[in-house]
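One structure is given below, encoded as structure tokens.
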Amino acid sequence: MEHESSSPPATLAELGPEGDLAALAPQLAQFAAVARLEHVTRAAELLGMPQPTLSRSVARLEAELGVRLLARQGRTVRLTRAGRLLLGSVERALAELERGAEAARAEADPAAGRVAFGFLHTMGSDAVPALLRGFRAGHPKVRFQLVQDYGAAMLERLRAGELDLCLVSPLPDAPDLTARPLDEQRLHLVVPADHRLAGRRRIRLAEAAEDPFVVVEQGYGLRVITEGFCAEAGFAPRIAFEGEEAETLRGLVAAGLGVALLPPALVPRPGVVELEVTAPRTRRAIGLAWVTGRPLTPPVAAFREFVLSRRGRLLDHD
């Protein structure tokens, strides 16, 4: 009569992610210490644990795996073939964990950590380089991951943990995000050089109600702001072309394809004239945003405080 055999010991591949595998991790590190020293007592002293406890830990590991890992010879031990195979993998895993731990420590190092910083395309040519230059003067070893994107995409990346901080406009109004205003940026009506309004210095936005507009795509903060100012002026803009960044829109305006509401150009663009808008007051708020309640590493916290200290001086005013 055949007897039912007991269930075989679980293999590594069969260990579940929530139970046995988590318990196995410290046993693997303890096994590696014994294997390196080939001596249980000395390994126990190195690990700061009682020798019987360490012996039981290695025995449990052997039982879990269903193989002998160590052959005991008096007070010393030697690795079996299975033990040598396992030790190679454990050593590589421990080395990778040490690299990860070192990277995590470096990430939070206040002198040499990393900051993932997002900002609007229109901030990248002047305001952001000036911020980084000022901060790096006192924190020369801090590293930056810089991301340029439109507002909605940056906020999603902020929530996902891909970004630590971001410069946005308009400022988000959401309970999971904190935003602090930093400055206001004037928006000009940009018209072709031969436009009927080009000889003026100041205009009311309603005077451009019949003109085609070139605007950034849906999802960009500047698109929302442009449509809001046009509504305030009493009209809905007639969209002729959509683009992704301000200089492309200026090129479309220079080609006579429409007018645009844009931040001031850093370098004058041939073929266009920039007009000050007196009604409504076409300014957009620029602010710094981060996830409410999420702990910040020391370098991120230091950069946040530096940026906030630049309130009212973030942008050049004309």
Practice item. Please test Phe117 against Val128 for side-chain contact (heavy atoms from CB on, under 4.5 Å), starting from the C-alpha separation and ending with a verdict. Key: CA-CA 10 Å; Phe117 182 45; Val128 167; 4.2 Å; yes
Point to revise | Under 3.5 Å donor-acceptor, Arg68 side chain and Leu70 backbone | key: yes
Practice item. Quick one: do Gln30 and Ser57 satisfy side chain to side chain donor-acceptor pair (under 3.5 Å)? Show the steps, please. Key: CA-CA 8 Å; Gln30 292 158 8; Ser57 174; 2.4 Å; yes
Revision key, fill the gap. Here the gap from Met154 atom CE to Glu162 atom CD, rounded to the nearest 0.5 Å, amounts to 12.5 Å
Review point. Is there a path from Phe235 to Leu222 through hydrophobic residues (I, L, V, M, F, W, Y) whose side chains come within less than 4.5 Å of each other?
Key: yes
Check your understanding: If you take all heavy atoms of Ser169 and Ile225, which pair is closest and at what distance?
Key -> OG-CD1, 3.5 Å
Revision key, fill the gap. In this structure, OG1 of Thr122 is separated from CD of Gln148 (nearest 0.5 Å) by 9.0 Å
Review point. Do the charged groups of Glu274 and Arg269 touch, with an N to O distance under 4.0 Å?
Key: no
**Study point:** Beyond-backbone contact of Asp176 with Thr292, side-chain heavy atoms, under 4.5 angstrom
**Key:** no
Check your understanding: Does the side chain of Val307 come within less than 4.5 Å of Leu165's, by heavy atoms?
Key -> no
Point to revise | Student check: side-chain heavy atoms of Gln27 and Arg60 closer than 4.5 Å | key: yes
Check your understanding: Looking only at heavy atoms, what is the nearest atom pair of Leu158 and Cys166, with distance?
Key -> CD2-SG, 3.8 Å
Review point. Where does the angle between the aromatic ring planes of His139 and Phe135 fall among parallel (under 30°), tilted (30 to 60°) and perpendicular (over 60°)?
Key: parallel
Check your understanding: Under 3.5 Å, is there a donor-acceptor pair between the side chain of Thr282 and the main chain of Leu187?
Key -> yes
Check your understanding: Looking at Glu207, His195, Glu276, which one forms a side-chain hydrogen bond (donor to acceptor under 3.5 Å, both in side chains) with Arg200?
Key -> Glu207
Point to revise | Glu247 vs Arg250, salt bridge (Lys or Arg N to Asp or Glu O under 4.0 Å): CA-CA, chis, key distance, verdict | key: CA-CA 5 Å; Glu247 289 312 305; Arg250 278 193 176 83; 2.9 Å; yes
Practice item. Keeping the roles fixed (side chain from Arg294, backbone from Arg159), state whether a donor-acceptor pair exists under 3.5 Å. Key: yes
Practice item. Drop me the distance from Thr178's OG1 to Leu171's CG, to the nearest 0.5 angstrom. Key: 11.0 Å
Exercise for review: Could you give me the CA-CA distance, side-chain angles and deciding distance for Glu184 and Arg281, then say whether salt bridge (Lys or Arg N to Asp or Glu O under 4.0 Å) is met?
Suggested key: CA-CA 11 Å; Glu184 284 191 337; Arg281 186 173 178 267; 3.1 Å; yes
Practice item. Check whether any side-chain N or O of Glu227 sits under 3.5 Å from a backbone N or O of Val224 as a donor-acceptor pair, and report yes or no. Key: no
Review point. Any sub-3.5 Å donor-acceptor pair from Arg313's side-chain atoms to Ser309's backbone N or O?
Key: yes
Check your understanding: Out of curiosity, Leu37 CG to Glu45 CD, how far, rounded to the nearest 0.5 Å?
Key -> 9.5 Å
Point to revise | Leu296 vs Phe303 side-chain heavy atoms within contact, under 4.5 Å | key: no
Exercise for review: Take Arg157 and Asp164 through the salt bridge (Lys or Arg N to Asp or Glu O under 4.0 Å) test and state the conclusion after the steps.
Suggested key: CA-CA 9 Å; Arg157 297 177 77 163; Asp164 299 312; over 6 Å; no
Practice item. May I ask you to test the Val191-Val272 pair for a side-chain heavy-atom distance under 4.5 Å? Key: no
Review point. So if you build clusters from Ile, Leu, Val, Met, Phe, Trp, Tyr with side-chain heavy-atom gaps below 4.5 Å, do Leu46 and Leu54 land together?
Key: no
Point to revise | Joint hydrophobic cluster, Phe144 plus Leu120, side-chain heavy atoms closer than 4.5 Å | key: yes
Point to revise | Heavy-atom check, side chain of Arg310 versus side chain of Leu182, under 4.5 Å | key: no
Check your understanding: Closest heavy-atom contact between Leu315 and Asp183?
Key -> N-OD2, 3.0 Å
Review point. Is there a ring pair (Phe, Tyr, Trp, His ring centres under 6.0 Å) between Phe213 and Phe241 once you walk through the steps?
Key: CA-CA 7 Å; Phe213 272 71; Phe241 292 92; over 10 Å; no
Exercise for review: Please check if Leu262 and Leu167 belong to a single hydrophobic cluster, counting links between Ile, Leu, Val, Met, Phe, Trp and Tyr side chain heavy atoms closer than 4.5 Å.
Suggested key: no
Exercise for review: Among Val67, Thr80, Leu69, find the one that has a side-chain contact (heavy atoms from CB on, under 4.5 Å) with Leu86.
Suggested key: Leu69
Review point. About how many Å separate CZ of Phe31 and CG of Leu79, when rounded to the nearest 0.5 Å?
Key: 5.5 Å
Exercise for review: Answer yes or no: is there an ion pair linking Arg238 with Glu210, defined by an N-O contact shorter than 4.0 Å?
Suggested key: no
Practice item. Kindly determine whether Leu177 and Trp290 satisfy side-chain contact (heavy atoms from CB on, under 4.5 Å), including the steps that lead there. Key: CA-CA 6 Å; Leu177 299 176; Trp290 59 90; over 6 Å; no
Review point. Any donor-acceptor pair under 3.5 Å linking the side chain of His188 with the backbone of Val190?
Key: no
Exercise for review: Mind checking the CZ-CZ spacing from Phe306 to Arg136? Nearest 0.5 Å is all I need.
Suggested key: 12.0 Å
Check your understanding: Do Leu163 and Tyr220 share a hydrophobic cluster (ILVMFWY, side-chain heavy atoms under 4.5 Å, transitive)?
Key -> no
Check your understanding: Can you tell if the side chain of Arg284 reaches within under 4.5 Å of the side chain of Pro170, non-hydrogen atoms only?
Key -> no
Point to revise | Step-by-step side-chain contact (heavy atoms from CB on, under 4.5 Å) determination, Gln185 to Arg283 | key: CA-CA 5 Å; Gln185 184 177 51; Arg283 291 176 178 267; over 6 Å; no
Review point. What heavy-atom pair brings Leu205 and Pro280 nearest, and what distance separates the two atoms?
Key: CB-CD, 3.9 Å
Review point. Can you find a pair of side-chain heavy atoms, one from Tyr150 and one from Val216, that are under 4.5 Å apart?
Key: no
Check your understanding: Does Val259 offer a backbone N or O that forms a donor-acceptor pair with the side chain of Asp211 under 3.5 Å?
Key -> no
Point to revise | Nearest heavy-atom neighbours spanning Val253 and Val214 | key: CG2-CG2, 3.6 Å
Review point. If only atom types and distance count, is the side chain of Arg114 paired as donor or acceptor with the main-chain N or O of Val142 below 3.5 Å?
Key: no
Practice item. Apply side-chain contact (heavy atoms from CB on, under 4.5 Å) to the pair Glu242 and Arg223, showing each step before the final yes or no. Key: CA-CA 10 Å; Glu242 296 178 327; Arg223 173 68 171 264; 2.8 Å; yes
**Study point:** Donor on one side chain, acceptor on other, Ser55 and Gln51, under 3.5 Å
**Key:** yes
Check your understanding: Of all heavy-atom pairs between Pro172 and Ala179, which one has the smallest distance, and what is that distance?
Key -> CD-CB, 3.8 Å
